Amino acid sequence: MYNTAASRPRTTSDFASSSLLGDYSIEVMPRTASKIESFQELLPPNTRIYLANIEGTPFNDMVKSARRLRREGFVVMPHITARSVRNEADLDRMLARYRYEADVTQALVLAGGINRPHGEFTHSMQLLESGLFERRGFLELHVAGHPEGNRDIDPDGSTRQVDAALLAKVAYARRSETRMKIVTQFAFDPRQVALWTERIAELGVDLPVRIGVAGPARLQTLIKFALSCGVGASLQVLQKRGRDLSQLLRPFEPVDMIAGLESYLHRHPRSIIEGIHFFPLGGIKPCVEWARRNSEKQLTRSGARAQT
């Protein structure tokens, strides 16, 4: 189990290796992606980029962004949100455009955060069970994970429905031979995330998990996003930091989160945690530059240790 003694404040010198920062994925929106002149100059080759489908984003913009990112040499994973899809014909049209106009063969399949569905779909399993992803040649599908539960799915605060939904997706992956992984909402408490992965593994979930991590940002920005996204338990970590005025004035960096996960993986090498997924809430460039700087520090320290 998770070692609570490892919960002391950390610095970048505590990172055990460069594994997490050396192989991360990142989330962008068409609007934010359009402000980046060249992703090739910013991100490592073949980085997986999740393309967020925010309510109100024109679908043409999604396809255009996906095509651009594929041409720049990245693995592109657009969000396909059930509540934004009208029917199977609409889903098939979307997948066909991604597949043949943008050379996309992967997707993150979600229910979506809108309250009123646009059509007949309300949850992600309906999209999966349509069989259209396989027919259109989508080779890898990712689904959402909720380390702190999800009040939209389990209003009573339990995890009964969200656990059942995750197990249904595991069963689907096995019978369809789909390559499937889990990507989680961002969190700030590595201990809670680690305990969640242990719990779902005991339930029978054996899918690789990418843990959502908020990139560097102003603390006030993170608190705003945490409140809007329902990150309740982890919000306490931010609120505790906010009570220290010296911490409040400094930009937040995900040092504790990544160091905690690195430490956990060092002690639990068979964990289903595969890597991290950045939510660049403070901007794409600051997030990527922070990851590069700290990855280089790790590699430098590893080289120095190898020479001694």
Side-chain angles (χ1 to χ4, degrees), residues 25-36 39 43 47-72 74-130 132-133 136-146 150 152-153 165 169 178 180-186 210 212 214-215 225 228-231 277-281 283-284 287:
S25 57
I26 192 167
E27 186 154 316
V28 305
M29 298 179 288
R31 176 176 55 82
T32 56
S34 67
K35 299 177 182 179
I36 302 298
F39 277 89
L43 288 169
T47 298
R48 175 176 279 112
I49 301 176
Y50 291 72
L51 190 59
N53 183 13
I54 305 301
E55 179 72 1
T57 301
F59 185 68
N60 283 342
D61 289 357
M62 292 288 292
V63 175
K64 180 181 177 181
S65 296
R67 182 168 59 243
R68 175 219 168 164
L69 292 169
R70 284 292 294 133
R71 286 176 176 172
E72 291 193 38
F74 300 100
V75 178
V76 181
M77 182 162 277
H79 292 196
I80 308 291
T81 54
R83 294 172 188 170
S84 298
V85 179
R86 293 191 297 273
N87 49 43
E88 285 197 6
D90 189 29
L91 175 62
D92 191 45
R93 176 187 62 84
M94 294 169 62
L95 298 181
R97 290 196 62 188
Y98 277 130
R99 182 71 177 85
Y100 302 116
E101 294 182 32
D103 189 31
V104 166
T105 60
Q106 304 185 17
L108 173 62
V109 187
L110 305 165
I114 60 176
N115 294 325
R116 180 174 296 179
H118 292 183
E120 61 189 47
F121 298 119
T122 58
H123 56 82
S124 55
M125 275 304 300
Q126 293 170 302
L127 299 186
L128 295 174
E129 290 170 345
S130 72
L132 290 170
F133 288 96
R136 286 298 181 184
F138 278 69
L139 306 176
E140 184 165 324
L141 300 175
H142 292 189
V143 295
H146 304 282
N150 187 314
D152 290 338
I153 301 174
K169 290 162 188 172
T178 298
M180 184 174 285
K181 297 180 181 180
I182 298 169
V183 60
T184 78
Q185 179 58 275
F186 62 86
R210 298 193 76 87
F225 275 105
S228 65
C229 296
V231 184
H277 172 64
F278 274 121
F279 291 84
L281 304 181
I284 298 171
C287 180

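All values below were derived from every heavy atom in this structure, side-chain atoms included, with hydrogens, water molecules and symmetry-related copies excluded. These figures come from a predicted structure and were not determined experimentally. Position 1 is the first residue of the sequence, and the numbers go up from there.
Contact annotation: the side chain of Val85 approaches that of Met94 to within less than 4.5 Å [non-hydrogen atoms, C-beta and beyond]. The closest side-chain heavy-atom distance from Asn53 to Pro78 is not below 4.5 Å. Side-chain contact between Phe138 and Leu132 is absent, with no heavy atoms from C-beta onward closer than 4.5 Å. By the 4.5 Å heavy-atom criterion applied to side chains, Ser124 and Lys169 are counted as neighbours. The side-chain heavy atoms of Asp61 and Arg31, taken from C-beta on, include no pair separated by under 4.5 Å. The side-chain heavy atoms of His277 and Thr184, taken from C-beta on, include no pair separated by under 4.5 Å. Side-chain contact between Glu140 and Arg48 is present, with at least one heavy-atom pair separated by less than 4.5 Å. For the pair Ile80/Leu141, no side-chain contact is recorded, criterion being any heavy-atom separation below 4.5 Å from C-beta on.
The distance from atom CG of Leu127 to atom OG1 of Thr122, rounded to the nearest 0.5 Å, is 9.5 Å. Rounding to the nearest 0.5 Å places CZ of Phe133 at 6.0 Å from CG of Leu128. Expressed to the nearest 0.5 Å, how far CD1 of Ile26 lies from CG of Leu51 amounts to 12.5 Å. Here the straight-line distance linking atom CZ of Phe39 with atom OG1 of Thr47 works out to 10.5 Å at 0.5 Å rounding. Of the inter-residue distances, the one linking Glu88 atom CD with Arg93 atom CZ reads 14.5 Å to the nearest 0.5 angstrom. In this structure, CD1 in Ile54 is found 7.5 Å from NE2 in His79, a value given to the nearest 0.5 Å.
Considering all non-hydrogen atoms of both residues, Met62 and Ala52 come closest at SD-O, 3.5 Å. Scanning both residues, Asn87 and Phe121, for their nearest heavy atoms gives C-CE1, 3.4 Å. In plain terms, the two heavy atoms of Val104 and Ala66 that are nearest each other are CG2-CB, 4.1 Å. For the residue pair Ile182 and Ala144, the shortest heavy atom distance occurs at CG2-C, 4.0 Å. Minimum heavy-atom separation, Phe279 to Gly212: CE1-CA, 3.7 Å.
Results of the side-chain hydrogen bond (donor to acceptor under 3.5 Å, both in side chains) test with Tyr50 over Arg210, Gln106, His142, Glu27 single out His142 as the only residue that passes. When the options Ile284, Ile36, Val28, Ile49 are evaluated for a side-chain contact (heavy atoms from CB on, under 4.5 Å) with Leu43, the one that passes is Ile49.
In terms of modelled atom types and a separation under 3.5 Å, the side chain of Thr81 and the main chain of Leu110 share no donor-acceptor contact. Looking at Arg99, its side chain never comes within 3.5 Å of a backbone N or O of Asp103 through a donor-acceptor pair.
Checking Gln185 against His146 by side-chain atom types alone, no donor-acceptor pair falls below 3.5 Å.
Listed by chain and residue number, Val63, Lys64, Arg71, Glu101, Ala102 satisfy the side chain to side chain contact (heavy atoms under 4.5 Å, CB included) test with Arg67 (two or more places apart in sequence, or in another chain).
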Do His118 and Glu55 pass the side-chain contact (heavy atoms from CB on, under 4.5 Å) test, and can you show the C-alpha distance, the side-chain angles, and the key distance before you say yes or no?
-> CA-CA 11 Å; His118 292 183; Glu55 179 72 1; 3.1 Å; yes
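A ring-centre distance under 6.0 Å is found for Phe59 and Tyr98.
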